[in-house]
Amino acid sequence: QVQLVESGGGLAQPGGSLRLSCAAPGSTLDYYTVGWFRQAPGKDREGVSCIAKYDDSTYYSTSVKGRFTLSRDNARKTVYLQMNSLTAGDTAVYFCVGRLGPRCPDNPVPVEWDYWGQGTQVTVPP
């Protein structure tokens with residue numbers, strides 16, 4: 001069992017940036033493929049990004065591709081989601097997720113992920 005802890009959410013202006021972090025206190029994320037889901041009010045959870053366990057290959061949903069960048073800092077045992085050019089459509093609770101499988105799914109769905117953080121709120125006003 002691994003505990004995932006997100007940080008870095010908050011309020012950003014349209015066109016602005018935020019960086020989310022995901023860490024595993026007392027453990028390491030090296031053993032996991034790590035991703036991010038988000039859930040806006042009244043909507044299903046959406047898989048937005050993923051970084052694979054062994055080769056750090058990445059996946060981005062079409063809604064964030066070109067604006068979000070996911071990276072892994074193994075020395076700090078942290079995964080970062082850099083979010084640029086934010087819009088009101090990015091407003092959601094963002095969840096860090098982990099799975100033991102070695103690859104990023106082509107179209108991530110919640111049932112494929114073994115571990116979930118508590119979530120961090122990102123708000124971008126209209």
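Only this structure's heavy atoms are used, side chains among them; waters, hydrogens and symmetry mates stay out. This is a predicted model, so every value here is computed, not measured.
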* To do: Take K77 and D30 through the salt bridge (Lys or Arg N to Asp or Glu O under 4.0 Å) test and state the conclusion after the steps.
  => CA-CA 7 Å; K77 303 178 181 181; D30 292 353; over 6 Å; no
* Asked: Is it true that D56 and R72 have a side-chain N and a carboxylate O under 4.0 angstrom from each other?
  -> yes
* Student check: side-chain heavy atoms of C22 and V5 closer than 4.5 Å -> no
* To do: Following the transitive rule for hydrophobic clusters with a side-chain heavy-atom cut-off under 4.5 Å over Ile, Leu, Val, Met, Phe, Trp and Tyr, establish whether Y80 and L4 coincide in one cluster.
  => no
* Counterpart residues, side chain to side chain donor-acceptor pair (under 3.5 Å), relative to Q118 (two or more places apart) -> none
* Asked: What closest approach, in Å, do A92 and Q121 show between heavy atoms, and which atom pair accounts for it?
  -> O-NE2, 3.4 Å
* Asked: Of all residues at least two apart in sequence or in a different chain, which pass the salt bridge (charged side-chain N to carboxylate O under 4.0 Å, His left out) check with R103?
  -> none
* Structure fact -> Sorted by chain and residue number, the side chain to side chain donor-acceptor pair (under 3.5 Å) partners of Y32 (sequence neighbours excluded) come out as none
* Asked: With under 30° as parallel and over 60° as perpendicular, where do the rings of W113 and F37 fit, or are they tilted in between?
  -> perpendicular
* Which heavy atom of V79 sits nearest a heavy atom of L70, and at what distance? -> CG1-CD1, 3.4 Å
* Looking only at heavy atoms, which two atoms of F95 and G117 are closest? And how far apart? -> CD2-O, 3.6 Å
* Asked: Counting distance only, does the side-chain N/O of S27 pair as donor-acceptor with the main-chain N or O of A24 below 3.5 Å?
  -> no
* Asked: Side chains of Y115 and R99: does their closest heavy-atom pair fall under 4.5 Å?
  -> no
* **Side-chain (T33) to main-chain (C104) donor-acceptor, under 3.5 angstrom** => no
* Asked: side-chain contact (heavy atoms from CB on, under 4.5 Å) between S61 and E46: does it pass, once the steps are laid out?
  -> CA-CA 9 Å; S61 67; E46 174 193 10; 3.7 Å; yes
* With the side chain counted from C-beta on, respond yes when C96 and V34 share a heavy-atom pair under 4.5 Å apart, and no when they do not. => yes
* Would you call Y59 and D106 a side-chain contact if the rule is heavy atoms closer than 4.5 Å? -> no
* Asked: Is P14 close to L86 at the side-chain level, that is, under 4.5 Å between some pair of heavy atoms?
  -> no
* Asked: Any sub-3.5 Å donor-acceptor pair from T78's side-chain atoms to D73's backbone N or O?
  -> no
* To do: Write down the atom of P125, the atom of L11, and the distance for their closest heavy-atom approach.
  => CD-CD1, 3.7 Å
* Structure fact -> Nearest heavy-atom contact between S17 and N84 is OG-OD1, 2.8 Å
* Residues, nucleotides or ligands: over 12 heavy atoms within 6.0 Å of D55 CG -> yes
* Quick one: are V122 and V93 in side-chain contact, heavy atoms under 4.5 Å? -> no
* Which heavy-atom pair separates S85 from D90 by the least distance, and what is that distance? -> O-OD2, 4.3 Å
* To do: Return yes if a side-chain donor-acceptor contact under 3.5 Å exists between E6 and S21, otherwise no.
  => no
* R38 charged N/C atom sitting above Y94 aromatic ring, 6.0 Å / 45° -> no
* Asked: Are V2 and W36 in one and the same hydrophobic cluster, where Ile, Leu, Val, Met, Phe, Trp and Tyr link if side-chain heavy atoms are under 4.5 Å apart?
  -> yes
* Can you find a pair of side-chain heavy atoms, one from Q39 and one from D44, that are under 4.5 Å apart? -> no
* If you group Ile, Leu, Val, Met, Phe, Trp and Tyr by side-chain heavy-atom gaps below 4.5 Å, do F68 and I51 land in one group? -> yes
